[in-house]
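Quick notes on the structure that follows.
Computation of the quantities below employed the complete heavy-atom set of this structure, encompassing side-chain atoms and omitting hydrogens, waters and symmetry-equivalent molecules. So that the names make sense, note that chain A is the first sequence line, chain B the second, and so on, each numbered from 1.
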Number of protein chains: 2
Amino acid sequence: MTQFGNHIRTRREDLRKQDRRFSLRQVAHRIEVEPAYLSKIERGDVAPPSEATTLKLARDLGEDPDVLLALAGKVSSDLQEIIRKRPRLFADMIRKMKEAPDHAILRIVREVRDGEW
Amino acid sequence: MTQFGNHIRTRREDLRKQDRRFSLRQVAHRIEVEPAYLSKIERGDVAPPSEATTLKLARDLGEDPDVLLALAGKVSSDLQEIIRKRPRLFADMIRKMKEAPDHAILRIVREVRDGEW
DNA sequence: TGTCATGTATAGTATATAGTACACATTTAG
DNA sequence: CTAAATGTGTACTATATACTATACATGACA
């Protein structure tokens with residue numbers, strides 16, 4: 001199950017149909033890794049790259065960073081920091097939200113955005 | 001700033017006043033690490049231990065696992081998994097909650113617990 | 001006063017993480 | 001038809017992570 005590799009290879013090839021600059025080599029150059037390495041990543045020959053490299057990749061391919069990190073089996077370090085500052089509170093909240101349907105969570109996000117406190 | 005080490009040394013020594021079984025060596029034995037290693041952890045001579053070892057330590061010392069993991073600079077892998085399953089939703093929510101005061105978050109936890117969806 | 005438990009210093013190890021470097025065969029484009 | 005660009009196979013490497021093993025000095029206590 002090399003979700004990550006398949007995903008970015010598909011995405012890159014899609015973009016490439018419109019824009020030749022999305023060759024493996026050119027993407028690799030822009031995100032500053034060796035072409036051979038990106039090749040191995042796309043084919044699932046190696047584990048997904050570091051957070052930093054994943055984020056560059058997300059930007060280059062126009063993908064959601066959190067989604068791409070999730071596919072890489074990671075959670076953004078800025079989120080982790082937020083949790084670590086109030087571990088009990090956030091751990092509790094997240095575990096409770098585990099079973100909540102999307103719309104319930106969305107409603108909460110909306111409420112908080114509207115500054116309900 | 002070796003928060004983790006200081007914290008568990010203090011905690012262990014506190015417990016020890018009531019119970020001789022909280023010597024460094026005996027705790028180390030129960031959580032299945034070498035005494036020398038636990039010693040170095042407590043003095044901040046090495047980085048905090050793995051998640052698994054931190055959890056054993058939390059149990060032995062009667063501490064909140066999420067808090068101890070936070071002091072170790074980590075976030076519980078079960079929380080990470082929850083986030084990774086719905087990355088956009090949870091990333092959004094957590095970032096919005098960053099500025100929210102504790103009582104606002106507590107209210108939300110309560111609402112969700114009461115099954116408001 | 002000897003022995004038993006305690007904490008620690010020193011040295012070493014296995015595994016994972018995150019890549020680089022280079023050569024090579026194949027496609028693509030002028 | 002050839003020069004450049006493309007993707008990939010192979011062989012390394014540096015650094016971090018997470019510890020173990022052994023030996024030793026110190027203090028308690030019976």
Side-chain angles (χ1 to χ4, degrees), chain A residues 2 4-58 60-61 68-77 80, chain B residues 2-58 60-61 68-77 80 84:
Chain A
T2 166
F4 187 85
N6 288 334
H7 182 85
I8 71 159
R9 164 141 299 186
T10 303
R11 173 67 176 164
R12 186 179 58 74
E13 286 179 344
D14 270 11
L15 289 170
R16 206 193 177 184
K17 285 171 194 160
Q18 312 295 325
D19 189 338
R20 305 199 319 303
R21 290 174 3 210
F22 286 94
S23 75
L24 185 148
R25 273 182 121 94
Q26 293 195 43
V27 170
H29 183 255
R30 285 195 298 274
I31 68 170
E32 297 172 294
V33 299
E34 289 295 313
Y37 183 45
L38 182 55
S39 172
K40 280 181 285 191
I41 289 169
E42 289 195 350
R43 285 169 303 122
D45 206 19
V46 298
S50 68
E51 175 169 350
T53 297
T54 301
L55 292 179
K56 287 189 203 169
L57 204 42
D60 202 82
L61 302 183
L68 211 57
L69 283 173
L71 287 172
K74 303 179 200 257
V75 168
S76 173
S77 55
Q80 298 203 32
Chain B
T2 165
Q3 266 290 29
F4 187 84
N6 287 335
H7 182 86
I8 71 159
R9 165 143 299 188
T10 303
R11 172 68 176 163
R12 186 179 59 74
E13 285 178 345
D14 270 12
L15 290 170
R16 204 189 178 186
K17 286 170 192 158
Q18 313 295 327
D19 189 339
R20 306 200 317 305
R21 291 178 6 222
F22 286 94
S23 76
L24 185 148
R25 274 181 121 94
Q26 293 194 43
V27 169
H29 182 256
R30 285 195 298 273
I31 68 169
E32 296 172 296
V33 298
E34 289 295 314
Y37 183 45
L38 183 54
S39 172
K40 280 181 286 190
I41 289 169
E42 290 194 351
R43 286 170 302 122
D45 205 18
V46 297
S50 68
E51 175 169 348
T53 298
T54 301
L55 293 180
K56 287 190 203 169
L57 205 42
D60 202 82
L61 302 183
L68 211 58
L69 284 172
L71 287 173
K74 302 177 199 259
V75 169
S76 173
S77 54
Q80 299 204 32
R84 286 198 311 264

If only atom types and distance count, is the side chain of [X] paired as donor or acceptor with the main-chain N or O of [Y] below 3.5 Å?
X	Y	answer
A/T10	A/N6	yes
B/E51	B/K74	no
A/R12	A/V27	no
B/R11	B/L61	yes

- Could you walk me through whether B/L38 and B/I8 pass side-chain contact (heavy atoms from CB on, under 4.5 Å), step by step? CA-CA 10 Å; B/L38 183 54; B/I8 71 159; 4.1 Å; yes

For [X] versus [Y], what's the shortest heavy-atom pair and its separation?
X	Y	answer
B/H7	B/L68	CD2-CD1, 3.8 Å
A/A47	A/I41	O-CG1, 4.3 Å
A/T2	A/G44	OG1-CA, 3.3 Å
A/F22	A/R16	O-CG, 3.6 Å

- Message: Taking any atom closer than 4.0 angstrom to a non-hydrogen atom of chain B, what span of DNA chain C does the protein reach, first nucleotide to last?
- Response: C/dT6 to C/dA11

- Task: Extract, from 5' to 3' on DNA chain D, the first and final nucleotides lying under 4.0 angstrom from some heavy atom of chain B.
- Result: D/dA18 to D/dT22

- Which part of the nucleic acid does A/R16 contact within heavy-atom distance under 4.0 Å: base, sugar-phosphate only, or nothing?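 The residue A/R16 makes sugar-phosphate contact but no base contact.
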
- Nucleic acid contacts of residues 40-57 of chain A, taken as heavy-atom distances under 4.0 Å to DNA chain D: A/K40, A/R43

- Find which nucleotide of DNA chain D each of B/V33 and A/R9 is nearest to by heavy atoms, and output the residue with the more 5' nucleotide.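 In this pair, the answer is A/R9.
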
- Message: Checking A/H29 against A/R25 for the side-chain contact (heavy atoms from CB on, under 4.5 Å) test, could you report, in this order, the C-alpha distance in whole Å, the side-chain angles of both residues, the deciding distance, and whether it holds?
- Response: CA-CA 6 Å; A/H29 183 255; A/R25 273 182 121 94; over 6 Å; no

